[in-house]
Amino acid sequence: QVQLVESGGGLFQAGGSLRLSCAASGRTLSSSGMCWFRHAPGQEREFVAAISWSSGIRKYADSLKRRFTISRDNAKNTVYLQMNSLKPEDTAAYYCAAAAWGSASTKTGEYAHWGQGTQVTVSS
């Protein structure tokens, strides 16, 4: 059984940066597409970024691509989300997920395994 554990969340100042990590255990995810979604209170879950198994394809939400960067280290079975120029509207629970195949998808239904999430709060 695949387990995904997110870390790196917390309380941050607007304008700052942080890096979220998502560590996988149970099996290697080097052949899996990975992604980040976020969920703010009162809002629907929102796609943030996705990366293919080889890192050759990366997709971002249009509103976030200038500030966020997704990456992965297959040797460490870990995917990252670098978040720069933080804004209060980035406040949300951030979830990583792994797909059953290697492509980078923006759709939640294509991800079979999800982490428990890490809370990011950005104060103004």
Side-chain angles (χ1 to χ4, degrees):
Q1 183 71 14
V2 175
Q3 288 189 325
L4 302 175
V5 178
E6 301 94 337
S7 62
L11 178 62
F12 302 90
Q13 294 282 336
S17 298
L18 68 95
R19 188 177 77 162
L20 301 180
S21 299
C22 173
S25 62
R27 69 169 176 87
T28 179
L29 294 180
S30 60
S31 60
S32 297
M34 302 288 294
C35 73
W36 289 93
F37 279 76
R38 68 185 185 183
H39 192 189
Q43 299 183 25
E44 295 187 356
R45 185 175 295 189
E46 177 186 18
F47 169 76
V48 174
I51 188 168
S52 63
W53 70 275
S54 65
S55 302
I57 297 175
R58 308 185 195 201
K59 298 180 180 179
Y60 298 92
D62 287 342
S63 62
L64 301 176
K65 60 185 177 183
R66 290 185 178 85
R67 299 189 295 118
F68 291 9
T69 302
I70 189 171
S71 62
R72 66 190 296 163
D73 185 337
N74 286 341
K76 295 182 178 180
N77 231 17
T78 301
V79 65
Y80 305 98
L81 183 69
Q82 178 69 38
M83 301 168 59
N84 298 326
S85 301
L86 292 169
K87 301 178 180 181
E89 50 263 44
D90 293 324
T91 296
Y94 285 74
Y95 300 86
C96 71
W101 43 80
S103 60
S105 175
T106 63
K107 301 177 181 180
T108 57
E110 298 195 5
Y111 290 93
H113 308 285
W114 291 80
Q116 293 298 307
T118 186
Q119 179 66 36
V120 172
T121 302
V122 182
S123 63
S124 58

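Computation of the quantities below employed the complete heavy-atom set of this structure, encompassing side-chain atoms and omitting hydrogens, waters and symmetry-equivalent molecules.
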Item to check | Donor-acceptor contact present, side-chain Ser30 to main-chain Thr28, <3.5 Å | outcome: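 No.
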Next on the checklist: I'd like to know if the side chain of Ser103 and the backbone of Ser105 have a donor-acceptor N/O pair within less than 3.5 Å.
Outcome noted: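 Answer holds: no.
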Considering all heavy atoms of both residues, which atom of [X] and which atom of [Y] are nearest to each other, and what is their separation?
X	Y	answer
Cys96	Glu6	N-OE2, 2.9 Å
Gly8	Leu18	O-CD1, 4.2 Å
Ser124	Ala14	CA-CB, 4.1 Å
Ser17	Ser85	OG-N, 4.2 Å

Heavy-atom side-chain proximity of [X] to [Y] below 4.5 angstrom:
X	Y	value
Asp90	Phe68	yes
Gln13	Ser123	yes
Arg27	Ser32	yes
Leu4	Leu29	yes

Item to check | Stepwise side chain to side chain contact (heavy atoms under 4.5 Å, CB included) test for Lys59 and Ser52 | outcome: CA-CA 9 Å; Lys59 298 180 180 179; Ser52 63; over 6 Å; no
Checklist entry - Just wondering, are more than 12 heavy atoms of other shown residues or ligands nearer than 6.0 Å to CD in Gln119? => result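 Enclosed.
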Checklist entry - Is the number of heavy atoms from other residues, nucleotides or ligands within 6.0 Å of CD (Gln3) greater than 12? => result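 Counting other residues, nucleotides and ligands, CD of Gln3 stays at 12 neighbours or fewer.
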Roughly how far, to the nearest 0.5 Å, is [atom2] of [Y] from [atom1] of [X]?
X	Y	atom1	atom2	result
Ser71	Met34	OG	CE	11.5 Å
Arg19	Ser7	CZ	OG	9.0 Å
Cys35	Ile70	SG	CD1	7.0 Å

Next on the checklist: Could you see if Tyr111 belongs to whatever hydrophobic cluster contains Val48? Use Ile, Leu, Val, Met, Phe, Trp, Tyr and a side-chain cutoff under 4.5 Å.
Outcome noted: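 Shared cluster, no.
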Checklist entry - Under the ring-ring contact (aromatic ring centres under 6.0 Å, His included) rule, what pairs show up with a residue in residues 20-54, not counting sequence neighbours? => result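 For residues 20-54, and leaving out neighbouring residues, the ring-ring contact (aromatic ring centres under 6.0 Å, His included) pairs sorted by first residue read Phe37-Phe47, Phe37-Trp114.
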Checklist entry - Among pairs that include at least one residue of residues 76-107, which meet ring-ring contact (aromatic ring centres under 6.0 Å, His included), considering only residues two or more places apart or in two chains? => result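 For residues 76-107, and leaving out neighbouring residues, there are no ring-ring contact (aromatic ring centres under 6.0 Å, His included) pairs at all.
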Item to check | Single hit among Leu20, Leu81, Leu64 for side chain to side chain contact (heavy atoms under 4.5 Å, CB included) with Arg38 | outcome: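 Going through the options one by one, the only one that passes is Leu64.
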